[in-house]
Structure formats: C-alpha cells, structure tokens
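Here is the structure we will look at.
All values derive from a computational prediction rather than experimental measurement. Positions are given from 1 along the sequence.
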Amino acid sequence: MASRAAITRIIPGRTVFLVCDIQTRFKPAIYGFDHVVSTARKMFTLAKVLEVPVLITEQNPRALGGTVPELDPAPLGNLFLGTHPKTGFSMAIAPVLSLLKHRDFKSVVLFGIESHVCVLQTALDLLGHGYDVHVLADGVSSCHRDEVGIALSRMRQAGAQITTSETAAFELQVDADKSNFRQFSQIIKDERHNTALALEALVRSQPLPHGSP
C-alpha cells in the first residue's frame, strides 16, 4: 500500500514572503511579466493585513537596475526585511539565511522570476535548509513559457508545495472570525479580476501534477 504523502501547511506567524528579482529591466523578456507583478503587488497588500514579513532580492542591481516601482515596500513598515542584492542564482545567500534563522521562519512563500533559474534554485536550497517552500504558480514566470511547467514539476518533485496566491492567502487568514477579515475579504474581491487574468496567463497552460483528474 502506498504511503500517505506528508501534509505541509503554511504556518501563520512563521511565514515570510520571498520576492525574487522582479526588476524593471526584465519586463521585455519575461512571459506574462505584468501578471507576475500584479500577483506580487497583491501579496504586498495582503502582507500588511496578514502581518507577514516580506524580503526582496535583486539580481545584480548595479547592472540590471532595481525592483519595479509597483512593488514599493514602504507601506509595509516594519514588515519589510530589506532588499538584498545578489549575483548568484539563488536567494539563499548568507544575509537572507541569517534573517530566516534569526526570525525563526518555517514557511516560505516564494514568487518572482525566473521560474527555472533563480526561483528553482532558491526553492531547492531552502528545502535543503529545512524550510517548507510554497511556490505561487500565478506569481512566477520565465523568458520562455514552456520552462515554467518543467520548473514547477521539478520543485514539486523535490518537496516544494505548488500553490496559488489566493490559496496561500486563505491559509494564512485561517478564520473568517478574525478582526482583519473584512479588510482581507475586500482585497480578495478587489483583486478578483487581476487574479483571474494571472491564472489564465500563468497557470492554465501548465500541466497538472501526475495523477490529477
């Protein structure tokens, strides 16, 4: 008899959003870039309501410029854990790993670009460090659309959870009886159209996991 798969949940209070290299210079090259930005912007808005810290990396910003202006971290206040430059293809650099350990995070919600390069290598590295990695399928992309499904499959096989922005948000919200639910619910409603567009562009074309109906 096949063994039951381990259940990996997003843990409120021990979760961080990792934003991977969503830089303006990449816009012409990345498939569905505007949808990645839209999903990321929604997650920034939700982070404040859900009190989830946010950490950003930028790939070689001296040469490639900074994060898109739509993702202004200022409204996050103390929830913003900084923008960290890197040249390697993983977010799991020393200052990031130090922050994750110091803050005792367990669940990492990961989104950005490129799915088959920096997102993939970040997921693999963080899994290796013992973190639960949740990748937003409606929040990642690559230059070539066909790379995305392969990258998501590899991350899933390695133990990452492939989810969506709204699924992750509701896991963090947990209960409609909380005092922030009215504000949370309004964000979900306000973002409904953008969420649908991102799902259509970034998720619908991807293959279902093996064994799905």
Could you state the interatomic distance from [atom1] ([X]) to [atom2] ([Y]), rounded to the nearest 0.5 Å?
X	Y	atom1	atom2	result
Gln59	Cys20	CD	SG	8.0 Å
Phe105	Leu18	CZ	CG	8.5 Å
Glu147	Ser115	CD	OG	7.0 Å
Ile188	Thr195	CD1	OG1	6.5 Å
Ile7	Gln161	CD1	CD	10.0 Å
Asp138	Asn194	CG	CG	11.0 Å

Near [X] [atom1], under 6.0 Å, is it more than 12 heavy atoms from other residues, nucleotides or ligands?
X	atom1	answer
Asn78	CG	no
Gln183	CD	no
Arg154	CZ	no
Lys178	NZ	yes

Basic-acidic side-chain contact under 4.0 Å: Asp21, Lys86: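 Salt bridge between Asp21 and Lys86, a charged N being under 4.0 Å from a carboxylate O: yes.
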Pairing of Lys42 and Glu166 as salt bridge, 4.0 angstrom limit: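 Glu166 and Lys42: not salt-bridged.
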Taking all heavy atoms of [X] and all of [Y], pick out the closest pair and write down the distance.
X	Y	value
Tyr131	Val108	CB-CG2, 4.2 Å
Leu127	Ala160	CD1-N, 3.7 Å
Val140	Val36	C-CG2, 4.0 Å
Gly130	Lys106	O-NZ, 2.7 Å
Ala151	His116	CB-CA, 3.6 Å
Gly139	Leu202	N-CD1, 4.4 Å

Same apolar cluster (I L V M F W Y, side chains within < 4.5 Å links), [X]/[Y]:
X	Y	answer
Leu76	Met43	yes
Leu197	Leu46	no
Val174	Val16	no
Leu97	Leu110	yes

Would you confirm whether [X], through its side chain, and [Y], through its main-chain N or O, come within 3.5 Å as a donor-acceptor pair?
X	Y	result
Arg14	Asp104	yes
Glu114	Cys143	yes
Ser90	Ala92	yes
His84	Leu81	yes
Thr15	Ile11	yes

Is there a donor in the side chain of [X] and an acceptor in the side chain of [Y], or the other way round, less than 3.5 Å apart?
X	Y	answer
Asp125	Gln121	no
Glu51	Asn180	no
Thr163	His134	no

Side chain to side chain contact (heavy atoms under 4.5 Å, CB included) evaluation trace for Arg41 with Leu71: CA-CA 6 Å; Arg41 183 181 52 77; Leu71 302 181; 4.0 Å; yes
Taking the side chain as every heavy atom from C-beta outward, state whether [X] and [Y] have any atom pair closer than 4.5 Å.
X	Y	answer
Leu136	Thr164	no
Pro95	Ile93	yes
Thr24	Pro69	yes
Val49	Ile187	yes
Val54	Val19	yes
Leu55	Val96	yes
Val119	Thr122	no
Phe181	Asp177	no

Residue list, side chain to side chain donor-acceptor pair (under 3.5 Å) with Glu58, at least two apart or on another chain: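 Testing Glu58 for side chain to side chain donor-acceptor pair (under 3.5 Å), a comparison that skips the adjacent residues, returns Thr67.
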Val117: hydrophobic cluster co-members (side-chain, 4.5 Å):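 Val117 clusters with Phe89.
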Intermediate values then yes/no, side chain to side chain contact (heavy atoms under 4.5 Å, CB included), Val135 and Phe111: CA-CA 6 Å; Val135 181; Phe111 47 98; over 6 Å; no
Ring center gap for Phe44 and Phe17 short of 6.0 angstrom: no
Sole residue of Thr57, Thr39, Ile56, Val68 in side-chain contact (heavy atoms from CB on, under 4.5 Å) with Ile22: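 Result: among Thr57, Thr39, Ile56, Val68, Val68 is the only option passing the side-chain contact (heavy atoms from CB on, under 4.5 Å) with Ile22.
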